[in-house]
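Report on the following structure.
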Amino acid sequence: MDITAMGLTELGQLLAGRQLSAPEIARAFLDRIRLEDSRWHSYLTLCEERAMTRAKAAQRALDGGTAGPLTGLPLAVKDNICIHGIRTTCASRMLADFVPPYTATAVERLEGAGMVVLGKTNMDEFAMGSTSQTSCFGGPENPAAPGRVPGGSSGGSAAAVAAGLAPAALGTDTGGSVQQPAAFCGLTGLRPTYGAVSRYGLIAFASSMDQIGPIARTPADCRLLFRAMAGQDPRDATSRKGTPPAAGGDAYIKTIGLPVEFYKDLSPETAALAARTAAAFENLGWRVREVSLPSYRYGVAAYYLLSSAEAASNLSRYDGVRYGLSGRGNTYAERVTDSRNRGFGREVERRILLGNYALSRGYYQQYYQRAAAVRESLRAEFDALFSACRLLLVPTAPEPAWPVGQKDSQPAEQYAADACTVPASLAGLPALTFPAGRTAAGLPVGMSLMGRAFDEEALLDAAEAFLEGGGV
Ligand code: GLN
């Protein structure tokens, strides 16, 4: 039996049926990580002993009949999500020695449900990037497309699941970092509605868009994790219980919109798979119609402005005195300068510069306020679309995973490749990425379903039906 080839649902059934024990499962994944992760570099830190101790405790719960659906199942966690006592680096020299004194609510809830954390996964530094190659420890590689990037910034989480080094993982999505790596690695990933999952214990990048989301083999596995994590948390004032929107009439319930702007500038194979995905939904009984989201064209610019502005402010706490890499020097100014010079990589510096510029006097109105206005237009346009369509179907990325190194020196090109995922972030809406098929060369292509706030279950149902129907 190949334990490491299975997802959460399958492993859970074997645990419940007593065909496997929680320590056996944890052992199998940890052994495979030791053997194979030098190739993929998906993990930054392993917590082997802690995992085995918890797996044994989970087994006692299983034996005692107090287990839930997640008890004893392993999980990988992106390295910007804090766990008490486990080094959490954000893949930055700035936090290379940081050991958090508290645990993120999302992890606390999953561990409370009996999950076993195997380790912390590689990522773009401070979650800024689309390849995971800005990690100060060196980037991971894509096990579903060797030689290519696993996407970013949650590339280590996606790579770990794709390589069979974890049955599921947590990523974080500010502008597509759950969706795009899931797509690049042939997996399923859910960006929850803003506020659906607590951000407490998630190291901030752009607080108005950051969300923790699952990356897994199937929508069913994402659903298990999402349900266990979601809900209001007194430690995050933006978290909400949220009620799914009212269903509406029959025609509405079965209508999927294809916003035409998302379908321009796709690679030919992505475009072909996107068309076949839409056709497959039609065969499943959905009414599929073209719609329009005019402000889409300003999405990337608005996202990079707003997210960099928030990042500049969030990252100002790393001064090498109160937070971050200890700075050298005789004066406060010298210490701050030294800490930030040595602590931050190039991409993070670029965002801080851009963000502070956009927020500076004289430019604030010209840049920040205009980006904020784009955000408002996008929200209004989405509202209008969702009064006529239950869901929207969009490509996750304009092209599949590119070779490692190919776009490293072209940040603007990488930013442009986020066009399909940033609208959900700006509007605070949920988006579920699922595998739509592969190119002739075998590269995974993902599609995303978007919905109204707190309509995650509808996204999961629709993707599940699509995959059960055999895909494209
Ligand atoms: N690629 C986007 C960026 O670099 C998204 C990152 C994210 O979602 N964390 O900002």
Side-chain angles (χ1 to χ4, degrees), residues 77-81 90-92 121-135 139-140 149-158 169-185 189-194 197 199 202-215 299-315 344-355 358 371 375 396-399 401-402 407-408 410-433 446 448:
V77 177
K78 187 176 178 181
D79 210 22
N80 57 349
I81 303 174
C90 264
S92 179
T121 55
N122 208 348
M123 55 182 280
D124 279 303
E125 183 178 5
F126 280 101
M128 297 171 189
S130 308
T131 60
S132 301
Q133 309 302 308
T134 69
S135 165
V149 298
S153 62
S154 312
S157 289
L170 292 188
T172 63
D173 192 302
T174 303
S177 284
V178 162
Q179 298 179 66
Q180 184 254 29
F184 280 14
C185 294
L190 174 66
R191 173 197 161 80
T193 306
Y194 183 74
V197 175
R199 287 181 294 113
L202 161 62
I203 297 175
F205 162 13
S207 314
S208 76
M209 291 180 267
D210 296 340
Q211 268 295 289
I212 297 175
I215 296 178
V300 169
Y303 165 79
Y304 275 92
L305 239 131
L306 295 171
S307 64
S308 298
E310 292 185 34
S313 157
N314 274 324
L315 271 56
F344 290 138
R346 300 268 321 248
E347 184 59 27
V348 174
E349 283 179 348
R350 188 175 2 252
R351 308 273 180 125
I352 293 173
L353 286 172
L354 175 64
R375 189 174 198 174
T396 309
E399 59 178 326
W402 52 84
K407 294 189 205 284
D408 283 2
Q410 296 135 297
E413 230 181 82
Q414 284 191 43
Y415 299 172
D418 290 339
C420 302
T421 51
V422 296
S425 302
L426 288 164
L429 299 175
L432 177 76
T433 298
S448 295

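One-based numbering, in listed order, for ligands and for the atoms of each.
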Indicate yes or no for a side-chain donor-acceptor contact from S157 to the backbone of L170 under 3.5 Å, with no hydrogens or angles considered.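 Yes; at least one donor-acceptor contact below 3.5 Å.
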Would you check if the side chain of Q180 reaches a backbone N or O of T396 as a donor-acceptor pair within less than 3.5 Å?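 Not confirmed, Q180 side chain does not pair with T396 backbone.
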Using distance alone, determine whether [X] and ligand 1 share an N or O pair under 3.5 Å.
X    : answer
A127 : yes
G175 : yes
T172 : no
Y303 : yes
K78  : no
D173 : no

Nearest-contact summary for [atom] - protein heavy atom, Å:
atom                   : value
atom 2 (C) of ligand 1 : D418 OD2, 3.2 Å
atom 3 (C) of ligand 1 : Y304 OH, 3.3 Å
atom 7 (C) of ligand 1 : S177 OG, 2.4 Å

Hydrogens and angles aside, do N80 and T172 bring a side-chain donor and acceptor to less than 3.5 Å of each other?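 Yes - a donor-acceptor pair under 3.5 Å links their side chains.
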Establish, from distance only, whether the side-chain atoms of S208 and R375 form a donor-acceptor pair under 3.5 Å. yes
In this structure, CG of N314 is separated from CG of D210 (nearest 0.5 Å) by 7.5 Å
For ligand 1, which atoms, with element, lie under 4.0 Å from some heavy atom of F205? 9 (N), 10 (O)
Going by the order shown, which atoms of ligand 1 are within less than 4.0 Å of some heavy atom of G176?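 Within the 4.0 Å cut-off of G176, ligand 1 contributes 8 (O).
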Is the shortest heavy-atom distance from the side chain of F205 to the side chain of L315 under 4.5 Å?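 The answer is no; the side chains never approach within 4.5 Å.
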Could a heavy atom of S153 be found less than 4.0 Å from some atom of ligand 1?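 Heavy atoms of S153 do come under 4.0 Å of ligand 1.
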Proximity flag R351 to ligand 1, non-hydrogen atoms under 4.0 Å: yes
Are there over 12 heavy-atom neighbours, none belonging to R350, within less than 6.0 Å of that residue's CZ?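 Counting neighbours around CZ of R350, more than 12 heavy atoms of other residues, nucleotides or ligands fall under 6.0 Å, so yes.
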Less than 4.0 Å between a side-chain N and a carboxylate O, is that true for E399 and K407? yes
For F184 and W402, take the angle between the two ring planes, folded into 0 to 90°, and tell me which bin it lands in: parallel under 30, tilted 30 to 60, perpendicular over 60. perpendicular
Which bit of T174 is near ligand 1, meaning a heavy atom under 4.0 Å away: side chain, backbone, both or neither? both
